[in-house]
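Each remark here refers to the structure printed beneath this line.
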2 protein chains.
Amino acid sequence: MKISTLGYAVLGLLAGGEMSGYDLKLRMAEPVGYFWEASHSQIYPELAKLEGAGMVFHEVVPQSGKPDRKVYGITASGLEAVGEWVTGPLRASPTRDETTLRAYLSWLGGEREMAGVFEGQARLHRERLAGYRRTERWILANCGGDPLTMEGRDFAGYAALRRGIGFEREFSEWCQWVSDTLGARAGARE
Amino acid sequence: MKISTLGYAVLGLLAGGEMSGYDLKLRMAEPVGYFWEASHSQIYPELAKLEGAGMVFHEVVPQSGKPDRKVYGITASGLEAVGEWVTGPLRASPTRDETTLRAYLSWLGGEREMAGVFEGQARLHRERLAGYRRTERWILANCGGDPLTMEGRDFAGYAALRRGIGFEREFSEWCQWVSDTLGARAGARE
DNA sequence: TGTACCATGTAATTGGTTACATGATTAC
DNA sequence: GTAATCATGTAACCAATTACATGGTACA
């Protein structure tokens with residue numbers, strides 16, 4: 001059976017501990033370091049598929065006042081599958097970024113309006129960056145200052161976070177540069 | 001009629017000059033600044049759809065020895081549609097990057113093998129970066145050294161290229177850092 | 001009274017990839 | 001010969017988004 005990238009993401013999260021589809025949804029709702037978003041309408045069918053393939057199993061946990069939970073865990077063959085995938089060949093995924101596309105086509109819009117579009121994007125990515133930096137400060141405080149002493153899972157999480165920080169820093173600075181440049185031009189035309 | 005992002009990308013490219021589906025395919029095959037990839041199997045139906053909506057038109061240009069070309073141009077309403085879209089509201093697109101996901105799950109694979117995965121990615125993105133830098137040197141040489149004097153379309157292309165350079169620089173450096181860190185650990189365990 | 005959270009799912013649709021299909025020309 | 005380029009398209013499939021669907025609890 002062929003497993004999709006989403007399937008491996010789910011297996012990888014379950015390898016770190018048992019959780020329900022709802023828990024998975026919460027962890028994959030925002031890209032805080034995971035860089036793989038998914039909604040519940042994708043996760044529930046994926047779990048059913050993985051269970052059919054013997055990669056995960058579940059147990060129904062009744063709750064009082066709240067709906068029952070289906071708590072999923074990973075099987076031995078599931079663990080083997082992620083372990084092989086994670087070191088396997090990795091192709092460059094197709095590049096699609098609407099913000100950069102808009103920059104490329106920015107000559108089709110007014111300078112002042114375009115500057116506003118990029119100002120908004122700059123703000124959004126600065127906010128994400130600030131969030132990631134807060135997380136990093138928290139991690140550094142809880143490991144004695146040197147993240148390189150972290151082992152396995154902790155280092156893996158930190159590495160993904162570093163990527164988030166680098167990505168959002170570069171992206172927000174670029175958006176600001178585009179906005180400032182277009183804004184200055186609009187101003188100079190008055 | 002609702003136009004997809006691919007549709008706007010096609011309209012935007014046609015706004016810069018008439019071209020065939022094949023030409024569009026060539027320009028969207030690699031992300032050199034455009035940051036929106038597409039294959040011919042997506043482009044041809046999209047052109048037909050846009051033509052049905054009156055956004056583009058075509059003319060058959062016969063050739064000797066080669067198949068006939070269908071050369072597409074943008075209509076007034078097509079130009080109006082892209083112009084409105086490019087300054088319109090822009091939502092943050094979902095984040096999905098398999099390389100970062102692999103870093104997050106790297107504790108599931110052997111350190112030496114994981115270091116190899118990131119070494120490969122580092123090389124790939126360094127090569128793309130080098131290609132973009134060559135393009136930038138060529139542009140700077142052809143505009144007298146100051147890219148900020150560029151107007152409209154030229155500046156738009158340069159802005160997208162700057163994004164490509166920033167993205168690949170950050171990405172390749174991060175991949176190298178992950179690879180080096182994991183490699184040093186694998187070495188230290190001997 | 002309304003909104004958000006918990007918790008599960010399905011259905012319809014759009015977007016994108018891979019494979020199928022044709023046929024002449026040019027370069028190695 | 002055989003691969004690549006030119007030039008067009010369609011069909012089957014997979015991945016992802018949006019909308020539909022249910023129902024109790026907590027909080028303002």
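Here is the naming used below: chain letters follow the sequence lines, and residue numbers restart at 1 for every chain.
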Under a 4.5 Å cut-off applied to non-hydrogen side-chain atoms, are A/Tyr158 and A/Glu136 in contact? yes

[N] phosphate, OP1 or OP2: any side-chain N/O from [X] under 4.0 angstrom?
X	N	answer
A/Tyr22	C/dC6	yes
A/Lys66	C/dT8	no
B/Ser20	D/dT8	yes
A/Gln63	C/dA7	yes
B/Gln42	C/dG15	no
B/Tyr44	D/dT8	yes

Hey, quick one: are A/Met1 and A/Leu79 part of the same hydrophobic cluster, counting side-chain heavy atoms closer than 4.5 Å, chains of contacts allowed?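 Cluster IDs for A/Met1 and A/Leu79 match.
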
In plain terms, say whether A/Glu170 and B/Arg163 are close enough for a salt bridge, that is, a side-chain N and a carboxylate O under 4.0 Å apart. yes

Answer with base, sugar-phosphate or nothing: what part of the nucleic acid does A/Lys25 contact at a heavy-atom distance below 4.0 Å?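 Here A/Lys25 touches no strand at all.
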
Angle of first-five versus last-five pair axes in the helix from C/dT1-D/dA28 to C/dC28-D/dG1, to 10 degrees: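 So the angle between the two local helix axes works out to 40°.
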
Please work out which residues in residues 78-98 of chain B have a non-hydrogen atom less than 4.0 Å from an atom of DNA chain C and list them by number.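 Result for residues 78-98 of chain B: none.
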
A/Gln121 and A/Arg102: side-chain donor and acceptor closer than 3.5 Å?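 There is no such pair (donor and acceptor under 3.5 Å, judged by atom type) between the side chains of A/Gln121 and A/Arg102.
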
Tabulate protein N/O versus nucleotide N/O from nucleotides 26-28 of chain C, keeping only pairs under 3.5 Å, one per line.
none

